[in-house]
Amino acid sequence: MSEQTFSEWLRQQCEPEWTAVVTHPFATAIIEGTAAGDAMRRYLEQDFQFVDSFTALLGAAVAAADTFEARVPYGTFLGQVATTEEKTYFHRALAELGGRTEVPLEPVTAAFRELMDEVRRSQDYLLIAAVLCVAEWCYLGWASRAAEPLPESFVHREWIELHEGAEFRAWVAFLRGELDRLGAGLGEERRREVLGVFRRAVELERAFFDMAAG
Ligand SMILES: Cc1ncc(CN)c(N)n1
């Protein structure tokens, strides 16, 4: 029997919360194209505030990674996806929904930004990778439940496509691989420290969808 990887151990420790995120009713409504315009607007307005700290965290990963091989995928994702595809999606989707790019933060958005800013300031690569991994892996989790044909509305369809597909899967596999590489041989105390951050991020993902569902 093969040994459990560190990333899989972290994920399992966060059940049933993890499954609650990837099967959340709001995520299901996105993949079915039934999430109402008002709810999508509220969600994307808040997520645009999330993405600001998330992008900063990607930059911190470039700086804090312990190898050149690891810096490159962070830099690539930061340049290609976070600052181009995702950014244009937000502007188009918010325009379509009558949303704003500057809004007061919901408490969950503020708490998520605080977690990302905290690990960014720590410059602790393993903790940075743990938060990035939760954010991307659980989004792959719900988005990969979408069935063809995807919703007609670009607001739903493109949000699914941004979190699915070969490139996004490879990105998540890279993040998990980094946790597995760095997690091998860690002492119990350090494993628990990483789990603490991982779990906070999973709880915030769930609360974020709860906020969007209203
Ligand atoms: C809250 C949240 N978590 C994760 C993702 C995926 N980048 C996101 N856009 N927003």
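Counting starts at 1 for both ligands and their atoms, in listed order. Keep in mind that the numbers below use all heavy atoms, side chains included, and drop hydrogens, waters and symmetry copies.
Phe54 has its side chain within reach of Met116: a pair of non-hydrogen atoms, C-beta onward, lies under 4.5 Å apart.
Checked options Arg206, Arg200, Arg11; the residue passing with Glu17 is Arg206 (criterion: salt bridge (Lys or Arg N to Asp or Glu O under 4.0 Å)).
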| Test ring-ring contact (aromatic ring centres under 6.0 Å, His included) applied to His91 and Phe48, step by step | CA-CA 9 Å; His91 288 300; Phe48 194 64; 5.5 Å; yes
I'd like a table of the close N/O pairs between ligand 1 and the protein (anything under 3.5 Å), one pair per line with both atom names and the distance.
residue  : atom   : partner : partner atom : Å
ligand 1 : 3 (N)  : Glu205  : OE1          : 3.0
ligand 1 : 3 (N)  : Glu205  : OE2          : 2.7
ligand 1 : 7 (N)  : Glu136  : OE1          : 2.8
ligand 1 : 9 (N)  : Asp47   : OD2          : 2.8
ligand 1 : 10 (N) : Asp47   : OD1          : 2.6
ligand 1 : 10 (N) : Asp47   : OD2          : 3.3
ligand 1 : 10 (N) : Tyr139  : OH           : 3.4

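Ring pair Tyr74/Phe174: centre-to-centre distance below 6.0 Å.
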Identify each donor-acceptor pair in which a side-chain atom of residues 126-142 lies under 3.5 Å from a protein atom, sequence neighbours left out, and give them as a table.
residue : atom : partner : partner atom : Å
Glu136  : OE2  : Trp171  : NE1          : 2.8
Tyr139  : OH   : Tyr43   : OH           : 2.5

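For Glu106 and Arg42, the salt-bridge test fails: no basic side-chain N is under 4.0 Å from an acidic carboxylate O.
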